[in-house]
Novice: 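Please find one structure pasted underneath; my questions will follow.
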Amino acid sequence: MKIIITKDYEEMSAKAFDVMKEVVVNKPDAVLGLATGTTPLGLYAKMAEDHKANGTSYKNIKTVNLDEYAGLGIESDQSYVYFMRENLFRHLDIDLANVNIENGLAKDPEAECARYNKLLETMVPDIQLLGLGSNGHIAFNEPGTSFDSVTHVVQLTESTIKDNSRLFDDISQVPRSAFTMGLANIMAAKKILILANGANKAKAVAAMAYGDVTENIPASILQKHPNCTLIVDEAAAALLPQA
Ligand code: GLP
């Protein structure tokens, strides 16, 4: 894992943007694996700014998102599909027919997972962007998830429900389950870019990058990926040996 430590969130986002832009410019029909959460917002703002200022085109870009809350759809401003439209897609010239995310409203969750796994076989991300949960999760793969997992429905842990409740009016509104790409899907990406900022991620960052590779810290599997870059601000890097 290549590790880049930045002084703050702004610099983390700028460096992440450089990596993402290189992929988009070198391969105008690339598949981008995208993530939600507060971590990538700075990167998404830079992609939008750059598209506006320099005309970088996403016309032929395809995207696959990591996860979605069960029970939420585009009408809910807490859904991940809404988040992606609002924070990224509406600012780019991307064709919405080329963007993919699990359908949180699917009547048959098993069939939805099967559909998404099939799609991922034909759309291997050229780059997969990831945030990191404070308990070491990636996407919604909570501690204990098998490294062999593919897209599945997951019951969220209390710690994730609590972390994510800051984005809801009240904790009772946070969905208890979600659709998520599995760890095997994530590891299939050609390149991985994981971002983390803030002191509340420091423990998970150190465990992910330098701890044992264990299903108790799902992100630790990334130590085995041949092309993974971690960009982390000083606060989140505080417990790394070289920090
Ligand atoms: C959420 C999402 C993850 C995200 C992580 C960190 O639960 N499912 O995809 O990376 O937690 O979120 P944040 O970036 O808001 O800290």
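These values consider heavy atoms only, across backbone and side chains, with no hydrogens, waters or symmetry-generated copies. Remember, it's 1-based here, ligands and their atoms both numbered in the order they're listed.
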Novice: At a 4.0 Å threshold, what atoms of ligand 1 neighbour a non-hydrogen atom of Tyr80?
Specialist: 1 (C), 2 (C), 8 (N)
Novice: Which residue holds the protein heavy atom closest to atom 4 (C) of ligand 1, what is that atom called, and what is the gap in Å?
Specialist: Thr36 O, 4.1 Å
Novice: Below 30° counts as parallel, above 60° as perpendicular, anything between as tilted: where do the rings of Tyr58 and His51 land?
Specialist: perpendicular
Novice: Can you check whether Ala139 has an N/O within less than 3.5 Å of an N/O in ligand 1?
Specialist: yes
Novice: State whether the shortest distance between N or O atoms of Lys201 and N or O atoms of ligand 1 falls below 3.5 angstrom.
Specialist: yes
Novice: I need the single residue from Leu193, Ile231, Thr229 that forms a side chain to side chain contact (heavy atoms under 4.5 Å, CB included) with Lys15. Which is it?
Specialist: Ile231
Novice: With heavy-atom distances below 4.0 Å as the criterion, list the atoms of ligand 1 near Phe140.
Specialist: 7 (O), 8 (N)
Novice: For Thr39, take its heavy atoms, then give the atoms of ligand 1 lying under 4.0 Å from any of them.
Specialist: 13 (P), 14 (O), 16 (O)
Novice: Hey, which atoms in ligand 1 end up nearer than 4.0 Å to a heavy atom of Asp67?
Specialist: 2 (C), 8 (N), 9 (O)
Novice: In this structure, which one of Asn185, Ile221, Thr180 forms a side chain to side chain contact (heavy atoms under 4.5 Å, CB included) with Asn141?
Specialist: Thr180
Novice: Which option wins on minimum heavy-atom distance to atom 10 (O) of ligand 1: Ala35, Ala196, Gly131?
Specialist: Gly131
Novice: If you measure from the Lys or Arg side-chain nitrogens to the Asp or Glu carboxylate oxygens, is any gap between Lys52 and Glu49 under 4.0 Å?
Specialist: no
Novice: Please work out, at 4.0 Å between heavy atoms, whether the side chain, the backbone, both, or neither of Met181 comes within that distance of ligand 1.
Specialist: neither
Novice: Around atom 12 (O) of ligand 1, find the nearest protein heavy atom and jot down its residue, atom name and distance.
Specialist: Gly37 CA, 4.1 Å
Novice: Should Lys59 and Asp93 count as an ion pair when the cut-off is N to O under 4.0 Å?
Specialist: no
Novice: Between the main-chain N or O of Leu156 and the side-chain N or O of Glu142, is there a donor-acceptor pair closer than 3.5 Å?
Specialist: no
Novice: For the pair Lys27 and Glu22, find out whether any cationic side-chain nitrogen is under 4.0 Å from an anionic carboxylate oxygen.
Specialist: no
Novice: Can you list the ligand 1 atoms lying under 4.0 Å from a non-hydrogen atom of Asn164?
Specialist: 1 (C), 7 (O)
Novice: Under a 4.0 Å N-O cut-off, is there an ion pair linking Lys7 with Asp233?
Specialist: no
Novice: Under 4.0 Å from a heavy atom of His137: which atoms of ligand 1 are those, numbered in the order shown and with their elements?
Specialist: 1 (C), 5 (C), 7 (O), 11 (O)
Novice: Between Tyr69 and Phe168, how do the two ring planes meet: parallel, tilted or perpendicular, split at 30° and 60°?
Specialist: perpendicular
Novice: What residue and atom, counting heavy atoms only, is the protein's closest point to atom 6 (C) of ligand 1, and at what distance?
Specialist: Leu132 O, 3.6 Å
